[in-house]
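Owing to the predicted nature of the structure, the values given are computational and were not obtained by experimental measurement. Residue numbering restarts at 1 for every chain, and letters A, B, ... go by the order of the sequence lines.
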There are 2 protein chains.
Amino acid sequence: MHSLEDIRADVLASLKAAGLKETWQRRAIVDELVGDESHPTAQELYERLQVEHPSISFATVYNTLGALASVGCVQTVSLGGATRFDPNISAHHHAICEVCECVLDVPATRRERPEIPGFEVRLVEKVFRGTCAACRE
Amino acid sequence: MHSLEDIRADVLASLKAAGLKETWQRRAIVDELVGDESHPTAQELYERLQVEHPSISFATVYNTLGALASVGCVQTVSLGGATRFDPNISAHHHAICEVCECVLDVPATRRERPEIPGFEVRLVEKVFRGTCAACRE
DNA sequence: ATCAGTGCAAAACCTTTGCAATTGT
DNA sequence: ACAATTGCAAAGGTTTTGCACTGAT
């Protein structure tokens with residue numbers, strides 16, 4: 001059982017463990033992202049942060065998200081258009097609605113290790129394209 | 001058994017069937033893409049075409065690829081970075097090497113219809129991220 | 001004190017569009 | 001002739017970088 005506070009603390013600890021400094025900007029970014037299921041882009045996150053922290057620059061948001069991703073605290077999601085960031089790092093996949101572009105998490109079920117001769121698979125991503133419940137009326 | 005000429009003819013016929021005109025630019029683009037397994041971006045295709053057809057504009061390449069995709073003659077592949085185009089329209093997935101960024105086709109095996117409550121799945125895409133044979137040395 | 005991080009601004013890259021001239025039908 | 005397509009050029013969006021200054025350690 002991990003509360004959001006636990007996750008937040010874990011993320012900040014991971015940053016520290018990687019030799020990255022803890023700044024109030026990074027705390028704010030982590031706070032904004034942890035527990036967020038909307039799969040925001042860097043731009044969206046930046047705009048949301050502007051409300052409470054108008055002095056944070058886009059570059060800081062962008063770079064911090066990259067740092068979080070490289071440390072493994074967030075997943076990046078490339079579905080066309082801008083990269084989205086996902087604080088859910090459990091094994092899961094994504095469904096994207098072709099109407100409203102919303103992104104849903106899809107729990108991973110069976111584990112797959114398909115045979116691709118010579119290719120060493122590190123990660124399998126699945127993208128389900130279709131129409132979300134709301135857009136089906 | 002489809003030869004490249006057959007495929008080329010099919011693609012041009014599909015364009016015509018969709019009410020799109022057959023121009024020498026489109027023929028050249030189709031010729032360049034059919035049978036290509038390298039998953040080029042619009043820019044890459046444009047540069048390749050420059051050699052034989054220096055007067056083709058990037059916009060024409062870009063728009064034609066979009067037209068081919070909307071007619072269903074090519075698949076678009078979003079793996080981060082620029083959109084790639086794949087003339088292979090059979091059901092298959094992709095493996096991308098995290099070292100050299102090459103993209104390989106992976107045949108689809110079983111059919112999956114995971115349950116996502118309320119979500120109507122049209123298409124499942126899988127991306128295998130890892131290291132290709134050449135990059136493993 | 002040191003050195004990574006920040007903010008700013010600009011560059012680079014990718015995608016898309018408007019429009020006048022051209023071309024397929 | 002008509003309408004779609006082209007080439008150009010520019011705009012819009014996304015990602016990345018350089019650099020002087022700030023701030024965490």
Interatomic distance, [X] [atom1] vs [N] [atom2] [rounded to whole Å]:
| X | N | atom1 | atom2 | answer |
| --- | --- | --- | --- | --- |
| A/Tyr46 | D/dT14 | OH | C1' | 14 Å |
| B/Leu12 | C/dG24 | CG | P | 14 Å |
| B/Asn63 | C/dC19 | CG | P | 16 Å |
| B/Leu65 | C/dT15 | CG | P | 10 Å |
| A/Gln43 | D/dT14 | CD | C1' | 9 Å |
| B/Leu15 | C/dT23 | CG | P | 20 Å |
| B/Ile56 | C/dT23 | CD1 | C1' | 14 Å |
| B/Leu68 | D/dT5 | CG | P | 12 Å |

A/His94 and side chain to side chain contact (heavy atoms under 4.5 Å, CB included): which single residue from A/Val106, A/Leu104, A/Asp105 fits?
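With A/His94 as partner, A/Val106, A/Leu104, A/Asp105 yield a single side chain to side chain contact (heavy atoms under 4.5 Å, CB included), made by A/Asp105.
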Partner of A/Pro40 by side chain to side chain contact (heavy atoms under 4.5 Å, CB included), out of A/Asp86, A/Val103, A/Leu45
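The single option meeting the side chain to side chain contact (heavy atoms under 4.5 Å, CB included) with A/Pro40 is A/Leu45.
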At their closest point, which heavy atom of A/Val71 faces which heavy atom of A/Ala18, and how far apart are they?
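Closest heavy-atom pair between A/Val71 and A/Ala18: CG2-CB, 3.8 Å.
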Can you name the closest pair of heavy atoms from A/Pro87 and A/Val34 and give their distance?
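Heavy-atom minimum between the residues: CB-CA, 4.3 Å.
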Could you list, one pair per line, each protein nitrogen or oxygen that sits under 3.5 Å from a nitrogen or oxygen of nucleotides 9-12 of chain C, together with the distance?
none

[N] phosphate, OP1 or OP2: any side-chain N/O from [X] under 4.0 angstrom?
| X | N | result |
| --- | --- | --- |
| B/Thr83 | C/dT15 | yes |
| B/Arg26 | D/dT6 | yes |
| B/Thr60 | D/dT5 | no |

To the nearest 0.5 Å, what is the distance between SG (B/Cys73) and CG (B/Asp10)?
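One gets 8.5 Å once the value is rounded to the nearest 0.5 Å.
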Scan B/Thr41 against the nucleic acid and name what it touches under 4.0 Å (heavy atoms): base, sugar-phosphate only, or nothing.
nothing
Give me the ring orientation class for A/Tyr46 and A/Phe58: parallel if the planes are under 30° apart, tilted from 30 to 60°, perpendicular past 60°.
perpendicular
Specify whether B/Phe128 and B/His93 have parallel, tilted or perpendicular ring planes, treating 30° as the upper limit for parallel and 60° as the lower limit for perpendicular.
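Rings of B/Phe128 and B/His93: perpendicular, over 60°.
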Would you indicate whether B/Glu22, at its atom CD, is surrounded by more than 12 heavy atoms from other residues, nucleotides or ligands within a distance under 6.0 Å?
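Yes.
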By nearest heavy atom, map A/Arg84 and B/Gly19 onto DNA chain D; which one lands nearer the 5' end?
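Looking at DNA chain D, the more 5' nearest nucleotide goes with B/Gly19.
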Close N/O contacts between protein and nucleotides 19-24 of chain D (under 3.5 Å):
none

Same cluster or not: are B/Leu79 and A/Val121 linked, directly or through other Ile, Leu, Val, Met, Phe, Trp or Tyr residues, by side-chain heavy atoms under 4.5 angstrom apart?
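Shared cluster, no.
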